[in-house]
Novice: 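Got a structure for you, questions after.
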Amino acid sequence: MRLLLAVTAAALLAAGVSACGEKSQVVVYKQGKYQGKPDTPAWDNDPPAAELRGGKWTKGNQASWEEQIKNRQLAQHEHKRIYQ
């Protein structure tokens, strides 16, 4: 009986001590290298759905995307919005 109790206590102690350990979480950066996901230019994406009040631009056309951004900005300007 004592042997079983001693083995159980030793197992619980070992499990308890191992649960308290924490591995270091250090990120290794490579100088000059971006390690995140690659981004594409905003105008290479499809416009969001109309239900989301998405813009209207042609996918891949930077000029139409910039024009849509300018129009959106003008719609958010109170003075322009009220006195137009």
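Residue numbers start at 1 and run along the sequence shown.
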Novice: Find the distance between CG (Leu3) and OG1 (Thr8) and round it off to the nearest 0.5 Å.
Specialist: 9.0 Å
Novice: Does any N or O in the side chain of Trp57 come within less than 3.5 Å of the main-chain N or O of Asn45, such that one atom is a donor and the other an acceptor?
Specialist: yes
Novice: What heavy-atom pair brings Ser64 and Thr58 nearest, and what distance separates the two atoms?
Specialist: OG-N, 3.1 Å
Novice: Might you point out which heavy atoms bring Lys56 and Gln68 nearest each other, and give the distance in Å?
Specialist: N-CG, 3.6 Å
Novice: Closest approach of Lys59 and Asp46, non-hydrogen atoms and distance?
Specialist: CD-OD1, 3.0 Å
